[in-house]
Amino acid sequence: MHIVRKWLTGIAYASLVTPLVFSVLFSSPYIFVQVHFIQALAVLALMPLAFCWIFDARSRPRSTGIDGSILAFGLGLIVINGFSVNRQLSYMGVWERFGSVTDWAALIVLFFTFRTIFTIKKEWHRYFIFHMVIATIVAVVGLAQAARLPFVFFEGTRIFSTLGNPAFLGAYLLLSIGIGVYCLRIVRYRMFIAASVIVQIIALLYTYTRSALLGLSVALLMIVLIASWQILIHTYRSRRMLLLLGMVALFIIGSSIIGIGVSHSIRPVFDAARSTEIVDQTTKSRLINSQIGVAGFLDKPLFGWGTGMYSIVFQKYYDPRLYYNSDNTTFFDRSHNEFLDRAVETGVFGLLLWLTVLISPVWCSLKKQKDNWSIAIFLPFIAVYATYLVFSFSSIADSLLLIVILAFIASTDGNEKTIANTSNRQQKVLSIVMIFFSVGLLLVTQLKIVTANMLVRRGETTGSLAHATYFFRGAWQLGMASKIRIV
């Protein structure tokens with residue numbers, strides 16, 4: 001089992017690099033590349049993970065409520081999308097968005113990979129430290145965009161770093177800061193972690209994602225209150241830790257208030273054409289869009305229209321008030337409310353399953369007798385992330401961090417165990433064969449769609465109509481997703 005566990009550990013660490021993976025060689029260079037990177041890692045992990053569970057019973061994680069909610073959510077998506085108005089797109093997804101059944105299946109495979117290989121806190125702490133390194137890089141790239149450094153690509157008025165969208169960056173940094181605050185307990189790396197958290201906070205300010213900024217302030221305030229209560233009941237005796245948390249919380253709250261308060265005066269400096277009238281119109285458009293979503297939900301309340309099918313709902317219940325009398329209109333493929341999206345696309349059953357995933361850490365924490373520190377840190381951040389989803393929707397980077405946090409809470413339940421890396425000759429041979437089989441499965445599942453995407457990108461960027469036709473014709477033959485992009 002030693003070879004398999006090393007393989008799975010490498011995949012787990014590779015998953016944290018996802019926010020840094022993007023390429024202009026692909027159409028939709030951020031979301032598509034990162035989503036399919038995660039899918040590739042899940043394919044490489046699936047067979048070795050099953051092999052590990054079958055031949056080493058000690059590797060199977062002890063079942064918790066979080067495990068059950070994650071598994072029920074995945075199975076529920078498979079069943080519910082059998083009623084989708086376009087099952088192929090619901091299961092396989094489109095290039096521009098995260099959230100298909102396949103996307104979530106990949107994250108669920110990684111969730112159980114984390115649960116299998118990280119069995120003690122020391123392993124989780126090393127994993128979190130590596131994440132903080134990656135998150136710091138992401139934040140620094142964002143700050144380089146804010147500084148308008150010439151060697152960093154940037155357009156628009158809000159930084160997006162390597163994630164392609166300011167809101168996605170804000171959600172990612174929000175959960176990452178939660179991990180950083182938890183890691184302040186790791187004495188050896190405390191200075192680096194504190195510096196990383198501050199850099200990420202500054203980057204979060206420049207995203208101008210108000211729901212994330214305000215949520216971060218509320219989360220830190222909740223943490224200080226919980227920690228204060230724990231000290232009062234003698235769970236924690238270190239006053240310096242309370243002082244440190246208080247200083248960090250005050251810094252974040254003050255920064256958030258300043259960032260929210262001056263955003264109207266700062267953003268016109270970046271883009272003088274962005275007037276208050278446009279901002280107000282955007283708010284009105286989203287409110288109208290929400291009404292469209294409610295109408296779609298009432299039409300199919302049980303199983304919804306299918307994952308990724310909000311655009312069909314939008315077209316069916318289109319409201320003419322979205323037309324600005326300027327020869328254009330506003331188009332939405334999401335309601336900008338994750339919970340409304342769930343209700344519209346997967347019905348009331350899918351919404352309940354999603355809520356169960358978010359609530360399950362609370363149930364798990366109530367059963368814990370130890371590790372109040374992780375409860376005090378992560379529950380507020382999960383709650384605030386859920387609040388953020390009321391005003392936006394999930395993407396690959398923040399969903400991955402949510403899965404990591406859920407796996408950590410499920411794993412550190414006071415029953416830690418160390419698994420010896422022992423294996424006989426037969427198991428070593430089978431492990432190597434399984435890994436080679438996984439690589440072959442990766443080529444079968446990913447090569448076709450990746451090739452189609454690259455051909456579409458070539459067609460979009462070529463200056464010759466004949467060449468564009470040639471590339472589009474080749475991509476057209478490789479799948480439904482490429483056809484949608486071409487049309």
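Computed from a predicted model, the values in this text were never measured in an experiment. In this chain, residues are counted from 1 in sequence order.
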Worksheet item: Once you round to the nearest 0.5 Å, how far does CG of L77 lie from CD of E345?
Response: 10.0 Å
Worksheet item: Can you check whether H36 and F98 have ring centres sitting under 6.0 Å from each other?
Response: no
Worksheet item: Between the side chain of R190 and the main-chain N/O of L184, is any donor-acceptor distance below 3.5 Å?
Response: yes
Fill in: Side-chain donor-acceptor contact under 3.5 Å, D67 with T64
yes
Worksheet entry | Main-chain N/O of I66 paired to S69 side chain as donor or acceptor, under 3.5 Å | yes
Worksheet item: By side-chain hydrogen bond (donor to acceptor under 3.5 Å, both in side chains), which residues pair with S392, not counting sequence neighbours?
Response: Y388
Item to complete: Could you label the plane-to-plane angle of the Y206 and Y208 rings as parallel, tilted or perpendicular, counting under 30° as parallel and over 60° as perpendicular?
Response: perpendicular
Worksheet, complete the sentence: Rounding to 0.5 Å, atoms CG (D333) and CZ (R97) come to a distance of 4.0 Å
Worksheet item: Is it true that a side-chain atom of S15 and a backbone atom of A12 form a donor plus acceptor pair closer than 3.5 Å?
Response: yes
Practice prompt. Check whether the side chains of S394 and E338 place a donor and an acceptor atom closer than 3.5 Å, and report yes or no.
Written response: yes
Please output the side-chain donor-acceptor pairs of residues 193-204 that fall under 3.5 Å, not counting sequence neighbours, one pair per line with the distance.
from: S196; atom 1: OG; to: T136; atom 2: OG1; distance (Å): 2.6
from: S196; atom 1: OG; to: Q200; atom 2: NE2; distance (Å): 2.9
from: Q200; atom 1: OE1; to: S176; atom 2: OG; distance (Å): 2.6

Worksheet item: Looking only at atom types and distance, does a side-chain atom of N337 sit under 3.5 Å from a main-chain N or O of V390, one as donor and one as acceptor?
Response: yes
Fill in: S90-T307 side chain donor-acceptor pair, cut-off 3.5 Å
no
Discussion item. Using side-chain heavy atoms (C-beta onward) and a distance below 4.5 Å, is M309 in contact with L89?
Written reply: yes
Atom pairs and distances, side-chain donor-acceptor, residues 137-147, under 3.5 Å, sequence neighbours left out:
from: Q145; atom 1: OE1; to: F160; atom 2: N; distance (Å): 3.0
from: Q145; atom 1: OE1; to: S161; atom 2: N; distance (Å): 2.7
from: Q145; atom 1: NE2; to: F153; atom 2: O; distance (Å): 3.0
from: Q145; atom 1: NE2; to: S161; atom 2: O; distance (Å): 3.3

Discussion item. Please report whether the ring centroid of Y127 lies less than 6.0 Å from that of H131.
Written reply: no
Discussion item. Return the CG to CD1 distance between L20 and I134, rounded to the nearest 0.5 Å.
Written reply: 5.0 Å
Worksheet item: What is the distance from atom CG of D103 to atom CD1 of I38, rounded to the nearest 0.5 Å?
Response: 10.0 Å
Discussion item. Pairing donors with acceptors under 3.5 angstrom, does anything connect the side chains of S335 and N289?
Written reply: no
Worksheet item: Would R334 count as a cation-pi partner of Y310, with NZ or CZ less than 6.0 Å from the six-membered ring centre and within 45° of the ring normal?
Response: no
Worksheet, complete the sentence: Test side-chain contact (heavy atoms from CB on, under 4.5 Å), reference I31, set F22, F26, F168, output is F168
Practice prompt. Measure across R5 and T119 and return the closest heavy-atom pair with its distance rounded to 0.1 Å.
Written response: NH2-CG2, 4.5 Å
Discussion item. I'd like to know if the side chain of S411 pairs up with that of R115 as donor and acceptor (distance under 3.5 Å, no hydrogens or angles considered).
Written reply: yes
Worksheet item: So F73 and W354, would you call those rings parallel, tilted or perpendicular, with 30° and 60° as cut-offs?
Response: tilted
Worksheet, complete the sentence: Tightest non-hydrogen contact, residues G293 and V344, listed as O-CG2, 3.1 Å
Item to complete: Any chance you could measure Y30, atom OH, to S23, atom OG, to the nearest 0.5 Å?
Response: 10.5 Å
Worksheet item: So, does T162 use its side chain to make a donor-acceptor pair with the main chain of P19 at under 3.5 Å?
Response: yes
Worksheet entry | Plane angle bin for F408 and W124 - parallel if under 30°, tilted between 30 and 60°, otherwise perpendicular | perpendicular
Response to the item:
Distance col, row R457:CZ vs M454:CE, nearest 0.5 angstrom, shows 11.0 Å
